[in-house]
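Have a look at the structure below before the remarks.
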Amino acid sequence: MMRSEENSSNWGMFEEEGVQKMEGFVKGSDFIEVHCGCTSKKYGDSSGKLRISSSGHFFIFCFCSDACNAGKLTPEEFEKHSQREGIRKWKSNIWVSVEGVKVPLWRTCLLKYYKHSENEANWTSAALRRRNFHRDEFIRCFECKKERRFRLRTRDQCQIYHNSIANQRWKCSDRPYDMITCDDDEERESRKSFRGCPRSSKCRGCTSCVCFGCLRCRFLDCHCRACTDFVQNTAP
């Protein structure tokens, strides 16, 4: 009952004038739709229809071409599908048209309806498919000053690295797996250059292996600055 009353209350906010001025505005029984788009310098505008449910789900139906069969996409998937160059930041890169002017989502009232908890399940599977790789990282031992490799292939491995890098006095003996001591040799410099990037064995950091935050390496129950900023940016 509480859930129903909350949705009903939130649904009333869609009556505000700013939403109704958006191009393609349609109100359904438990959702609204507005036209949206994302612009690539090379390929131009990709158009779609943003659907926002009363519970806070955000989905985009892509209509970039007659032959497009992308179907229902998350905002991040739509941004990638449009081949938009530069930093991935869908709240800035996806726009809606208000009286003929393209306005980024972050400047509209729409984001107040975005509920992170409602989109999290979809985010978990979609984000990990798109950002399914984090290259190896190194931490220097506080005692022996040797660098030790951390592989970030799974969420548990990312959690271990995340906790370890926060420890300014991290030691080899703190490593929870791959038993290692300060007496063990450090990896050769030539070996360190191989970080496991699937595109290039000696990659120094490309879009395939540099992640600025995702649900694999950021944690909702962590209060560090990196995780806090990620959660705040994801769930305005």
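Values below: every heavy atom of this structure, side chains too, minus hydrogens, waters and symmetry copies. The chain is numbered in sequence order, starting from 1.
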Determine, using the 4.5 Å side-chain heavy-atom cutoff (strictly less than), whether Trp95 and Leu110 are members of one ILVMFWY cluster.
no
If you look at every heavy atom in Thr39 and Lys102, which pair is closest and at what distance?
OG1-NZ, 4.0 Å
Check against side-chain contact (heavy atoms from CB on, under 4.5 Å), Asp136 and Arg151
CA-CA 5 Å; Asp136 300 344; Arg151 292 179 174 82; 3.6 Å; yes
What residue among Arg149, Arg148, Lys146 forms salt bridge (charged side-chain N to carboxylate O under 4.0 Å, His left out) with Glu187?
Arg149
Take His81 and Ser46 through the side-chain contact (heavy atoms from CB on, under 4.5 Å) test and state the conclusion after the steps.
CA-CA 9 Å; His81 178 71; Ser46 292; 5.7 Å; no
Nearest non-hydrogen partners of Cys222 and His162, listed with the distance:
SG-NE2, 3.4 Å
Which pair of heavy atoms, one from Leu50 and one from Phe58, lies closest together, and at what distance?
CD1-CD2, 4.1 Å
Working for side-chain contact (heavy atoms from CB on, under 4.5 Å), residues Ile60 and Cys36
CA-CA 8 Å; Ile60 295 176; Cys36 68; 3.8 Å; yes
Mark yes or no for whether Glu79, through its side chain, and Lys89, through its backbone, hold a donor-acceptor pair below 3.5 Å.
yes
Can you confirm whether Phe230 sits close enough to Leu215 that some side-chain heavy atom of one is under 4.5 Å from a side-chain heavy atom of the other?
yes
Ring-face cation contact, Phe150 with Arg175, 6.0 Å cut, 45° max:
yes
Hey, is CZ on Arg140 packed in by over 12 heavy atoms from elsewhere, all under 6.0 Å?
yes
Do Phe194 and Ile139 sit in one hydrophobic cluster, given that two such residues count as connected whenever their side-chain heavy atoms are within less than 4.5 Å of each other, even indirectly?
no
Specify the closest pair of heavy atoms between Ser193 and Ser190, including all atoms of both residues, with the distance to one decimal.
OG-O, 2.7 Å
Give a yes or no on whether Lys42 atom NZ has more than 12 heavy-atom contacts from other residues, nucleotides or ligands under 6.0 Å away.
no
Pairwise distance NZ(Lys49) to NE2(His35) - rounded to 0.5 angstrom
5.0 Å
State plainly whether one hydrophobic cluster holds both Val19 and Ile94, where clusters connect Ile, Leu, Val, Met, Phe, Trp and Tyr through side-chain heavy atoms under 4.5 angstrom apart.
yes
Would you mind checking if Glu137 and Arg195 are paired as a salt bridge, meaning a charged N to carboxylate O distance below 4.0 Å?
yes
Quick one: CG on Asp156 to CZ on Arg216, what's the gap to the nearest 0.5 Å?
10.5 Å
Taking the six-membered ring of Phe142 (Phe, Tyr or Trp), confirm whether the NZ or CZ of Lys145 is under 6.0 Å from its centre and within 45° of its axis.
yes
I'd like to know whether CH2 of Trp106 has more than 12 heavy-atom contacts from other residues, nucleotides or ligands below 6.0 angstrom.
no
Applying a strict under-4.5 Å side-chain criterion to I, L, V, M, F, W and Y, I'd like to know whether Val98 and Phe25 cluster together.
yes
What distance do Trp170 atom CH2 and Tyr161 atom OH have between them, rounded to the nearest 0.5 Å?
11.0 Å
Quick one: does Phe219's side chain get under 4.5 Å of Asn163's, heavy atoms only?
no
When you measure from the side chain of Asp184 to the backbone N and O of Thr181, does any donor-acceptor pair fall under 3.5 Å?
yes
Looking at side-chain heavy atoms only, is the closest gap between Cys62 and Phe78 below 4.5 Å?
yes
Any side-chain to backbone donor/acceptor pair from Ser40 onto Gln83? Under 3.5 Å, distance only.
yes
Minimum heavy-atom separation for Arg135 to Arg153, with atom names?
C-NH1, 4.5 Å
Would you say Phe61 and Val96 are hydrophobically clustered, going by side-chain heavy atoms of ILVMFWY under 4.5 Å?
no
Carboxylate-amine/guanidinium proximity below 4.0 Å for Lys80 and Glu77
no
Atom pair SG/CD of Cys214 and Glu76 - distance to nearest 0.5 Å:
9.5 Å
Would you sort out whether Val34 and Ile52 count as a side-chain contact (heavy atoms from CB on, under 4.5 Å), showing the intermediate values?
CA-CA 9 Å; Val34 295; Ile52 305 173; 5.7 Å; no
Distance, nearest 0.5 Å, that separates SG of Cys141 from CD of Glu186
10.0 Å
Can you tell me how far apart OG1 (Thr154) and CD1 (Ile160) are? Round to the nearest 0.5 Å.
7.0 Å
